[in-house]
S.K.: 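Before I ask anything, let me first share the structure, which is written out below as structure tokens.
Computed from heavy atoms alone, side chains included, the values below leave out hydrogens, waters and symmetry copies. Every chain is numbered from 1, with letters handed out A, B, ... down the list of sequences.
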There are 2 protein chains.
Amino acid sequence: MMNRLVYFFGEKGKESKQLLGGKGSNLGEMTKIGLPVPPGFTISTQVCLDFLEKNHCPRGLEKEIDDNIKKLEKKAKRSLGDEEHPLLVSVRSGAPVSMPGMMDSVLNLGLNDKTVKGLEKESNDSRFVWDSYRRLIQMFGDVVLGVEHSKFERVLEKYKKGRKDTDLSADELKSIVDEYRGIISEDGKDFPQDPRKQLNMTIKAVFNSWNNKRARIYRKLNNIPETTGTAVNVQVMVFGNLGWDSGTGVGFTRNPSTGENEPYGEYLLNAQGEDVVAGIRTPKQIKELKKDMPKVYEDLMKVYKVLDRHYRDMQDFEFTIEKGNLFILQTRRGKRTAQSAVKIAVDMVGERLIKKSMAIMRIDPDQIDQLLHKQLDPKEKGKARKIAKGLPASPGAAVGIATFSAERAEELSEKKNVILVRNETSPEDIQGMAVSQGILTARGGMTSHAAVVGRGMGRCCVVGCENMSIDEKRRKFAVDGIVVKEGDWITLDGGTGEVFLGELAVTDPELRGEFNTLMEWADDFRKLGVRANADTPKDSKRARDFGAEGIGLARTEHMFFEEERIRAVREMIIAEDEEGRKKALKKLLPIQKKDFIGIFKEMNGLPVTIRLLDPPLHEFLPKEDDEIKSIAKDMGIDFDEMRTKINSLSEFNPMLGFRGCRLGVVYPEITEMQTEAIISAAIEVNKHGGEALPEIEIPVLSDVREALVLKRVIKKKIREITEKSKVKVKCKIGTMIELPRACITAHKIAKEMDFLSFGTNDLTQTTYGFSRDDAGKFIPAYVEKGILENDPFQVLDREGVGFLMKICIEQARKSNPDIEIGICGEHGGEKSSIEFCHLAGLDYVSCSPFRVPVARLAAAQAKIKNG
Amino acid sequence: MMNRLVYFFGEKGKESKQLLGGKGSNLGEMTKIGLPVPPGFTISTQVCLDFLEKNHCPRGLEKEIDDNIKKLEKKAKRSLGDEEHPLLVSVRSGAPVSMPGMMDSVLNLGLNDKTVKGLEKESNDSRFVWDSYRRLIQMFGDVVLGVEHSKFERVLEKYKKGRKDTDLSADELKSIVDEYRGIISEDGKDFPQDPRKQLNMTIKAVFNSWNNKRARIYRKLNNIPETTGTAVNVQVMVFGNLGWDSGTGVGFTRNPSTGENEPYGEYLLNAQGEDVVAGIRTPKQIKELKKDMPKVYEDLMKVYKVLDRHYRDMQDFEFTIEKGNLFILQTRRGKRTAQSAVKIAVDMVGERLIKKSMAIMRIDPDQIDQLLHKQLDPKEKGKARKIAKGLPASPGAAVGIATFSAERAEELSEKKNVILVRNETSPEDIQGMAVSQGILTARGGMTSHAAVVGRGMGRCCVVGCENMSIDEKRRKFAVDGIVVKEGDWITLDGGTGEVFLGELAVTDPELRGEFNTLMEWADDFRKLGVRANADTPKDSKRARDFGAEGIGLARTEHMFFEEERIRAVREMIIAEDEEGRKKALKKLLPIQKKDFIGIFKEMNGLPVTIRLLDPPLHEFLPKEDDEIKSIAKDMGIDFDEMRTKINSLSEFNPMLGFRGCRLGVVYPEITEMQTEAIISAAIEVNKHGGEALPEIEIPVLSDVREALVLKRVIKKKIREITEKSKVKVKCKIGTMIELPRACITAHKIAKEMDFLSFGTNDLTQTTYGFSRDDAGKFIPAYVEKGILENDPFQVLDREGVGFLMKICIEQARKSNPDIEIGICGEHGGEKSSIEFCHLAGLDYVSCSPFRVPVARLAAAQAKIKNG
């Protein structure tokens with residue numbers, strides 16, 4: 001038995017989106033619930049797919065359309081092609097996922113040389129009728145017959161002579177119609193007079209428009225499947241341009257910008273739908289309609305309420321008033337700002353329209369990010385000069401003068417806001433990054449040093465602006481022929497990756513009450529813990545304010561770069577023997593201890609995971625001869641000797657080099673110093689009534705025996721110190737899991753450790769064999785060619801990296817059921833990755849402080865979605 | 001029930017090595033088969049372990065020793081402590097694994113102030129008896145009582161006054177005995193007169209010597225387990241120094257140097273065992289004994305034959321002649337050269353002593369390597385000045401003048417043999433390496449560039465001589481205060497990593513008939529195929545001569561570095577667009593095609609796996625400004641532009657960067673050119689009656705979609721060319737498996753590919769997170785601290801890397817049962833890794849040409865051992 005191909009409005013409702021498209025199913029739904037929708041019918045998406053496959057319409061379609069037209073004629077009390085009361089219809093596309101403006105429509109279908117005259121008589125408005133006919137021929141010529149659009153436009157321009165469309169007289173319009181038909185004949189084509197033929201041809205044209213180039217690109221860009229096809233809606237025309245008792249408008253059932261529960265919208269009298277969008281006349285605020293048309297206003301207010309309550313969500317709808325009668329032509333879920341989305345969701349729970357879980361599911365975690373950072377005023381952006389576009393590495397907006405070195409950034413930041421512009425950043429730039437409003441780099445990807453540190457600091461950051469050519473020495477950059485020098489103002493949009501010339505206005509973030517309510521609900525639902533990656537007391541405080549339940553990753557090396565410290569660090573590295581290293585480490589001990597005291601105080605009562613020194617030592621050493629000279633002199637070491645030492649430390653692949661626990665295994669004195677700093681800091685805090693909960697973390701593990709060697713060193717030091725001080729410190733010892741071999745041998749590792757924490761940045765690097773600092777050269781091509789669905793450094797690769805994580809978790813829990821397992825890679829703040837972490841049964845995710853609310857929400861959604 | 005603690009010789013035989021140690025079980029065995037062994041008994045290793053754990057001997061030991069002493073006394077017709085016919089015994093250690101000279105012994109035990117006189121009377125040889133007593137007190141004082149050795153030596157020197165031991169008179173020896181006892185008393189100790197007490201104390205001392213420092217170090221260095229303990233052998237003393245009808249000697253049942261089946265050995269008349277070893281007098285060849293003592297010689301010849309036949313292996317034994325009576329004191333498996341090992345094994349099969357499988361198992365594959373390379377004369381080494389020691393990266397010997405750059409090596413090699421000395425080598429040095437006899441580097445490990453290429457070329461290579469400080473610009477290196485300049489002669493031993501000053505003599509390799517026989521047998525047994533890694537026709541020929549059944553890896557990039565080619569390669573890299581790249585690639589096409597024709601001809605009828613371009617492009621570009629300038633000029637490109645391009649290609653972690661199939665995905669024109677070169681070369685060969693079997697291999701795969709993209713490009717090109725030429729070419733398409741993600745997703749990859757080949761170098765790098773070029777900084781410490789048992793770049797890590805390989809193999813075979821799976825990493829030539837490959841069910845291993853015989857043998861052993 002053949003399925004139904006066509007449905008009259010009201011036969012099916014919003015549940016039929018897949019079959020009838022978004023527009024068709026909502027027109028059906030509104031018809032069903034008694035809203036004033038002009039009658040019509042929908043040809044299903046299945047017909048479209050069938051047609052596209054076989055290039056002809058399925059049998060039976062003709063008949064079903066005929067039946068529905070009869071119904072339509074009966075409702076409208078007009079007939080297709082009737083010379084006295086002709087029926088005019090619109091033919092519009094409508095796919096399951098909205099693709100606004102991407103496919104074709106034809107309006108006023110049903111007009112021909114005879115019906116146009118009947119209508120003229122009936123309406124008594126020749127100008128309107130001939131304008132409608134002119135529009136039909138133009139649209140049909142373009143969309144259905146494929147005549148070049150510009151040919152019609154040229155004729156129209158000729159008649160308008162600079163006047164508006166509406167200034168054309170009926171006679172002029174008649175001449176235009178004649179010329180239009182001439183154009184079509186010249187093209188060897190014919191405008192059909194039979195309205196039924198018009199309709200058939202238009203339906204096919206709409207189907208074909210599913211595959212036009214712009215639609216295909218749009219689907220690709222928006223990840224819309226190719227396999228749904230579009231429905232076609234045939235609907236009785238209503239006209240908002242039949243006089244001052246007619247009009248057209250757009251309504252939002254709540255304020256899409258603020259979320260306030262108030263009718264919001266705009267309208268124009270004596271106008272057609274496209275006029276509101278086109279902005280030819282300035283529309284009026286919806287409340288003014290109360291004066292213009294009190295009765296219609298009252299009807300409209302009912303529609304607002306019905307739609308909002310019926311859909312239990314804010315709706316964006318279109319209406320037309322035809323001679324004092326209100327018609328609703330479309331409704332859909334209203335787009336909204338993050339702030340509005342949160343308020344609406346929370347309010348609707350209060351109004352008992354939705355449940356808390358639904359409120360939580362309504363908010364896109366990525367959108368929340370908007371609420372936590374300064375934003376550019378969109379209007380300002382439109383006016384400003386955009387000079388480049390990179391990757392949006394860390395959100396927010398930044399306005400400042402360009403500076404080209406960390407030192408200059410520090411100097412200039414005392415007087416003005418600065419933006420640090422570099423080819424790429426390195427750990428030496430940390431101070432410069434901290435004093436800057438934003439960071440802009442020419443190289444690097446979403447997980448480059450600049451991006452990671454930027455996000456960690458909550459600094460707006462745009463990276464990988466490949467078109468920029470930066471001359472750091474001469475303090476300038478060039479892009480597209482524009483040269484920006486030190487001191488010139490630039491503005492970054494970290495949410496889009498755009499770079500603007502000049503000083504744009506920004507708006508401050510506002511954390512409203514509804515936001516906090518939503519977060520509390522999310523906390524009730526989620527199973528995953530949420531911690532933050534933070535290296536300083538300041539970041540720790542921010543993390544706690546944002547709801548972090550601990551520090552999941554404190555990187556000790558970031559503390560090493562400040563002025564007084566870096567000297568001692570370098571001394572340690574240059575030292576020839578253990579004694580020399582110990583001497584230098586002794587200088588670092590009180591500094592590190594002080595850092596930890598600050599963090600422990602801020603995180604009082606919450607766990608703080610501190611990672612032992614991780615990066616290759618050469619990262620701390622100077623690279624240029626000048627610098628080496630000056631430091632060699634400082635340290636009283638021969639320049640050549642110093643350079644030789646530095647060269648001997650340089651590595652081919654530092655990511656896979658002498659780093660992480662390898663440092664501690666070869667130089668246990670480093671681990672001893674760090675343990676001492678951590679434990680004595682905890683003692684200091686605990687002595688004064690605080691509760692420090694340090695967790696010492698071993699990085700870059702490949703084998704349990706590395707952990708055993710370091711655990712012995714750490715435990716010995718802890719015993720030594722706590723026995724002396726007689727203050728108890730609870731301290732867990734655990735390890736990062738960031739290498740495939742650690743995942744594979746997790747059963748052995750877990751037996752010896754209190755916790756594991758996935759470092760998925762490095763795990764992704766080693767699993768894929770991609771260096772995140774170099775992958776910018778091919779990842780874009782990979783995404784474009786469909787080899788990668790996403791950048792795996794942004795969205796966790798469940799198939800590869802996830803497989804190793806699952807092996808690890810399963811084995812670890814089997815051999816040590818009490819073990820705590822978290823994640824502290826960049827993925828810990830990304831929604832799809834957080835869902836994976838929930839499914840994989842992790843205990844917590846840890847992310848940069850600014851991503852903590854995102855993670856809280858995403859974790860709740862993962863639980864609600866997957867149980 | 002308590003286990004037996006002590007066994008009389010002959011109660012158990014050679015099967016009891018674990019319980020009675022090597023020496024004890026063989027003494028038992030020889031007693032069993034009726035050889036003239038002085039009677040004795042063995043205290044088991046179990047007693048030693050018990051004693052070391054509890055610090056006292058197990059109950060019942062005393063009694064068992066007493067019983068065995070009674071038996072001994074009966075056999076020897078002498079009694080312990082008997083004043084007329086005293087029994088003298090030796091007490092010797094003997095562990096399950098031989099540790100020569102590492103633990104203690106005491107001889108002549110049983111002498112005291114009374115028995116010494118009885119023996120004097122009995123033997124009528126005062127000098128001999130008092131010398132024996134002097135020796136006992138000295139050994140006992142040192143070994144059992146812990147008196148400092150040098151104190152005794154000083155007294156002895158005083159009496160000797162420059163004369164030999166044997167020149168001391170009986171009276172002098174008596175005075176020495178007195179002084180010795182004085183030394184012991186001064187130390188607050190006492191030499192016990194009771195022989196039974198002497199025995200008990202000595203047994204404990206021998207047990208304790210298991211844990212002395214040099215024994216512990218020896219075990220660590222030789223991978224001998226700590227848990228076996230040592231047995232103690234108590235045996236009736238026999239004396240070879242009782243006059244000219246006595247003597248002592250060492251025998252080998254076959255020639256340990258050549259393997260000839262002839263009695264081999266040395267002896268000294270009127271001497272004790274240690275005199276032969278100490279080299280005080282020059283020993284005589286064994287055949288001379290026929291004249292000296294015809295009867296004893298006849299007996300000895302019987303012993304030779306019995307031992308050789310009974311043990312079915314060449315034995316190394318010690319004998320003593322006491323007053324015309326022959327005694328055998330020890331036998332063990334004889335150490336032998338590689339050449340001798342092969343000849344003995346093959347001969348013994350011919351003599352029906354062993355089976356072919358046992359002959360194969362007898363040869364250590366590593367030893368075979370010796371047969372394929374030039375060797376240093378060991379005598380010459382002893383005399384030469386050793387200046388450094390690095391890692392033995394590629395075996396053989398090399399003698400030449402030091403050169404410090406590839407260019408100079410090429411120049412100077414025209415007149416003299418050269419050795420290339422570099423901090424490390426890079427692909428640009430290939431030509432220089434090819435013209436050198438050997439390669440010496442200060443940095444890098446066993447799988448550094450120099451090591452891999454050196455092994456591939458069969459060049460002797462010593463790497464990672466960390467003590468050397470090389471000044472490449474000034475063409476010299478310094479080590480330990482010695483400076484070696486360009487032109488100075490040096491000699492490398494690639495088998496040991498030693499570096500000598502001067503020009504040492506070398507011996508040529510000799511591939512004897514027995515070697516080929518053994519290889520043929522190995523081929524009959526093995527299941528694994530053996531291919532070679534070779535990039536040139538010359539290497540291919542060598543590989544085939546060594547028995548390779550195909551090329552498992554031909555690296556196309558090695559072909560890119562020759563003079564005329566590198567220019568075109570650089571042009572391609574510098575090109576701004578596809579058109580520019582294609583132009584440059586067109587120049588490379590005929591060159592590559594020619595290379596492939598040469599290889600296909602050499603490998604006619606055998607498969608040749610050709611890997612597509614693999615290394616990051618920047619490896620082909622110059623690094624120094626001078627070079628860049630000259631090349632920029634050559635190519636007519638602006639210097640700054642050239643440098644910018646080069647900089648933009650540089651990478652943080654090239655190993656994880658823009659390389660492998662990523663190059664082909666982004667620049668398909670490279671893959672097209674290479675495919676065209678391969679296929680048109682195959683057509684050329686096939687047209688002239690040859691059979692080229694190319695297999696195109698995609699490197700560095702992380703996802704099946706990369707393979708699909710490149711497979712499409714390759715297939716299209718193949719179709720294009722073969723349709724035009726109308727010559728058929730069979731060509732497989734496959735991929736390297738060198739990243740964890742490729743292993744994990746092998747089920748998808750295998751479906752699309754004809755073959756997989758494990759690149760275990762890179763797979764080890766990514767699984768462990770170790771950069772093989774940088775790991776030299778910590779791998780030695782890791783091995784030393786017991787974190788790693790072996791360098792995982794030398795011996796395949798079964799637990800981590802092997803786990804991923806197994807997942808891959810299992811999934812791949814499930815989804816594509818016909819798929820061919822091999823390995824082409826360095827591990828393909830290492831015996832333990834080859835065993836793993838056999839167990840994992842690979843189809844073949846591929847290794848450097850010089851390792852092919854090693855692999856053939858190791859593959860046969862894996863099959864014999866594991867079935």
Side-chain angles (χ1 to χ4, degrees), chain A residues 423-424 443 466 469 616 644 647-660 662-663 665-666 700-703 705-706 708-709 738-745 748 762 765-778 781-782 785-788 797 799-801 803-804 807, chain B residues 423-424 443 466 469 616 644 647-649 651-660 662-663 665-666 700-703 705-706 708-709 738-745 748 762 765-778 781-782 785-788 792 797 799-801 803-804 807:
Chain A
N423 273 312
E424 65 248 315
R443 292 179 56 183
E466 301 274 359
S469 128
T644 305
N647 283 345
S648 80
L649 284 169
S650 84
E651 298 185 295
F652 295 102
N653 296 291
M655 147 72 202
L656 307 175
F658 185 35
R659 56 175 289 232
R662 299 158 199 177
L663 297 170
V665 168
V666 177
V700 199
L701 200 78
S702 66
D703 190 288
R705 288 170 286 191
E706 292 168 307
L708 285 172
V709 166
E738 45 196 331
L739 296 173
R741 202 173 185 285
C743 295
I744 295 167
T745 61
K748 293 188 180 174
D762 280 0
Q765 296 198 77
T766 44
T767 305
Y768 261 106
F770 287 174
S771 161
R772 67 177 187 185
D773 290 322
D774 303 309
K777 289 207 179 63
F778 55 89
Y782 269 42
K785 296 198 179 192
I787 293 173
L788 291 173
D797 159 48
E799 188 178 6
V801 176
F803 176 87
L804 287 171
I807 286 188
Chain B
N423 274 311
E424 64 248 317
R443 292 179 58 183
E466 301 275 358
S469 133
T644 306
N647 284 344
S648 79
L649 283 170
E651 296 186 297
F652 295 102
N653 297 292
M655 146 74 204
L656 307 174
F658 185 34
R659 56 175 287 233
R662 299 157 199 176
L663 297 170
V665 169
V666 177
V700 199
L701 200 79
S702 66
D703 190 287
R705 287 169 287 191
E706 293 168 307
L708 286 172
V709 166
E738 45 195 333
L739 296 172
R741 201 173 186 284
C743 294
I744 295 166
T745 60
K748 293 188 181 173
D762 280 0
Q765 295 197 80
T766 45
T767 304
Y768 261 105
F770 288 174
S771 160
R772 68 177 187 184
D773 289 321
D774 303 309
K777 288 205 180 63
F778 55 89
Y782 268 42
K785 295 197 181 194
I787 293 174
L788 291 173
D797 159 47
E799 189 177 5
V801 176
F803 176 87
L804 287 171
I807 286 186

S.K.: With a 4.5 Å cut-off on heavy-atom pairs, point out which of B:L656, B:T766, B:D762, B:T644 contacts chain A the most.
M.R.: B:L656

S.K.: Does the side chain of B:L788 reach to within under 4.5 Å of the side chain of A:D703, using non-hydrogen atoms?
M.R.: no

S.K.: Most heavy-atom pairs under 4.5 angstrom with chain A, which of B:G786, B:G660, B:P654, B:G657?
M.R.: B:P654

S.K.: Check whether any side-chain heavy atom of A:R741 sits under 4.5 Å from a side-chain heavy atom of B:F803, and report yes or no.
M.R.: no

S.K.: State, to 0.1 Å, how close B:I787 and A:E706 come at their nearest heavy-atom pair, and which atoms those are.
M.R.: CG2-CG, 3.6 Å

S.K.: What's the separation between atom CZ in A:F652 and atom CZ in B:R443, rounded to the nearest 0.5 Å?
M.R.: 5.0 Å

S.K.: Who wins among A:S702, A:A781, A:A775, A:C743 for the most heavy-atom pairs under 4.5 Å with chain B?
M.R.: A:S702

S.K.: Which region of A:E424, side chain (C-beta onward) or backbone (N, CA, C, O), has a non-hydrogen atom less than 4.5 Å from a non-hydrogen atom of chain B, or is it both or neither?
M.R.: side chain

S.K.: So do the side chains of B:R705 and A:Y782 get within less than 4.5 Å of each other, counting heavy atoms only?
M.R.: no

S.K.: To the nearest 0.5 Å, what is the distance between CG (B:L663) and CZ (A:F778)?
M.R.: 9.5 Å

S.K.: I need the minimum non-hydrogen distance between A:S771 and B:N653, along with the two atoms involved.
M.R.: OG-ND2, 3.4 Å

S.K.: Highest number of heavy-atom pairs under 4.5 Å with chain A: which of B:T745, B:V666, B:V801, B:V665?
M.R.: B:V665

S.K.: Give, as side chain, backbone, both or neither, the part of B:S648 having an atom under 4.5 angstrom from any heavy atom of chain A.
M.R.: backbone

S.K.: Most heavy-atom pairs under 4.5 angstrom with chain B, which of A:R662, A:K777, A:M655?
M.R.: A:R662

S.K.: With chain B as the partner, which of A:L739, A:T767, A:L649 has the greatest number of non-hydrogen pairs under 4.5 Å?
M.R.: A:T767

S.K.: Within this structure, what is the CG-CD distance for the pair A:D773 and B:E651, rounded to the nearest 0.5 Å?
M.R.: 10.5 Å

S.K.: Let's test your reading of the structure: which of A:V709, A:N423, A:D797, A:L701 forms the most heavy-atom pairs below 4.5 Å with chain B?
M.R.: A:D797

